[in-house]
Amino acid sequence: MSKNKHHTGWDGFHDLYLGHGIYIHWLRNALCKTIRLDLIFSQPLSKPENALGALVSRLGERGTVNLPTMQEVGRAVDQLYGAFLSTDVSVLGNRHLLNVSLEVLSPQYVEKSDRSGLLLKALDIVRQIAMDPLTERGQFRERYVEQERQALRDQITSIYGDKMAYALGRCADEVDGKRITPLGSEEDIKKIDAGSLLPFHRELLQRSEVHFYFSGGVTAEDVISVSRRVPLWFKAVERVHSSIKGPAEDSLNSLNFERHVYERGQTKQGKLVYGVQLPIAKDLRSHVALLLFNALLGGEGTSFLYRYLREEKRLCYFIQSQVDPLLGKGYIQASVEREDYQRALGEINRGIDDLKGGRVSERDWTRARTLLGHRLAVLREDRDSLQRLSLCSQISGYSMPLSEMEYHLATLKLKEIVEVASRLTPTITYFLYGN
């Protein structure tokens, strides 16, 4: 990595709090050929608000008050030298994120006569999509709502085609009762009508936490301009935002035993998902410790589980682990034959026991830290990943600059990983198998 890239702010976004739950975040890098704008509404993840939010997020692109059709929205975006507009919903920790994103060429790459107003035009399109969707007779257009509701249902049912994703979701369902997804459930979507969406949208503008991200060849003048304009968007909205910062509380496994769930389905090879409870990260060091624990267990091609199940026992081709430091949850996933199910479980428990006992060779320790360090270094080149780190910091309540993450990775001791492993509790083993 060049020093120039490091000094242009790619250790992370800069933050500015404007009051009333509104934040501005910017990342300057003159080497980027585009400027990206993201307006993100963050609210607690709950039902049926997740379904309402997923549907509302789609309707802005269908038309706004000033751009009442998809064609007019498309033309307005195309006039910004072929900018790219998208909307999306996601989950991070216990927050539901609704995102309107617009990526436009940096001013130096367009005609001189259009440079001065380019950012302002892009800002206005983002504002319209997020805040001024088309309504008629006091509600969203019924035809648009029905079309997007069907598209959302199709997106939800498409997961059944990916058997491992389906198995992971079913395992999460068993852990949480019924998990709350970013898209909502088919049952909740069916209950939504055009009349219920507008009050939800109004409340979203009033109560959600607002994060405006922009990155690329931005200047100090751009930062000042954006920090002045974005709060004005909400001037007519009676903001009543309240937010609780900080890590979530550790949940206790009240049942204190591991459940086994078996399901027969249309799959050629069995899908094993092993759910575990882990300590929730309380600060940046414990966050990095969880990441290193995962790299040692099954998150890398050099991990214990990869070696035990794939290389030594040849029980599977696919094996990996993942952890969520914000929620204290982890999952181990493997594709195994039905007759190898018990042996696979034994090798998974072997890997966990090795970490609990601190049986980590110097070679394994060095490789895991090196690979995780490389992943952190690569993030410096990826503004999407840096933006997600920034959001993670906002949700967790602790700062997450990459340089500090690298410092903690370099100074972590094996006993800290053993402490993480010692608090691991299996919660459920789910197995989807074929006939």
Can you list the residues that meet the side-chain hydrogen bond (donor to acceptor under 3.5 Å, both in side chains) rule with [X], with sequence neighbours excluded?
X	result
Arg149	Glu146
Ser185	Glu187, Asp188
Arg310	Tyr306
Ser385	Asp382

Minimum side-chain heavy-atom gap [X]-[Y] below 4.5 Å:
X	Y	result
Ser106	Ile35	yes
Val210	Ile40	no
Met405	Leu284	yes
Gln394	His211	yes
His201	Leu197	no
Val261	Thr429	no
Gln269	Arg338	no
Leu424	Phe293	yes

Got more than 12 heavy atoms from elsewhere within 6.0 Å of [atom1], [X]?
X	atom1	value
Tyr407	OH	no
His408	NE2	yes
Arg369	CZ	yes

Taking atom [atom1] of [X] and atom [atom2] of [Y], what is their separation to the nearest 0.5 Å?
X	Y	atom1	atom2	answer
Phe214	Leu37	CZ	CG	8.0 Å
Leu80	Arg75	CG	CZ	14.0 Å
Leu309	Cys316	CG	SG	4.5 Å

Pairwise salt bridge (charged side-chain N to carboxylate O under 4.0 Å, His left out) hits with a residue in [range], at least two apart:
range	value
residues 316-326	none
residues 160-170	Arg170-Glu174, Arg170-Glu263
residues 410-422	Arg285-Glu416

Can you name the side chain to side chain contact (heavy atoms under 4.5 Å, CB included) partners of [X], sequence neighbours left out?
X	value
Val418	Leu414
Glu221	Thr219
His374	Val378
Asp88	none

query = Would you call Arg307 and Asp364 a salt bridge, using N to O less than 4.0 angstrom?
reply = yes
inquiry  = Regarding Asp124 and Lys121, does a basic nitrogen lie under 4.0 Å from an acidic carboxylate oxygen?
reply    = no
message = Assess the residue pair Gln277 and Thr425 against the criterion (side-chain hydrogen bond (donor to acceptor under 3.5 Å, both in side chains)); give the C-alpha distance rounded to whole Å, side-chain angles, the decisive distance to 0.1 Å, and a yes or no.
response = CA-CA 5 Å; Gln277 180 180 296; Thr425 304; 4.7 Å; no
request  = In sequence, state the C-alpha distance, the side-chain angles, and the governing distance for Tyr213 and Phe13, and then conclude on ring pair (Phe, Tyr, Trp, His ring centres under 6.0 Å).
outcome  = CA-CA 9 Å; Tyr213 283 87; Phe13 278 80; 5.1 Å; yes
query = Going by the ring-ring contact (aromatic ring centres under 6.0 Å, His included) test, which pairs reach into residues 322-341, not counting sequence neighbours?
reply = Tyr262-Tyr341, Tyr341-Phe431
query = Taking the six-membered ring for Trp, is the centroid-to-centroid distance between His14 and His25 below 6.0 Å?
reply = no
task = Applying salt bridge (charged side-chain N to carboxylate O under 4.0 Å, His left out), run through Glu406 and Arg380 and close with a yes or a no.
result = CA-CA 12 Å; Glu406 290 168 335; Arg380 294 186 188 278; 2.7 Å; yes
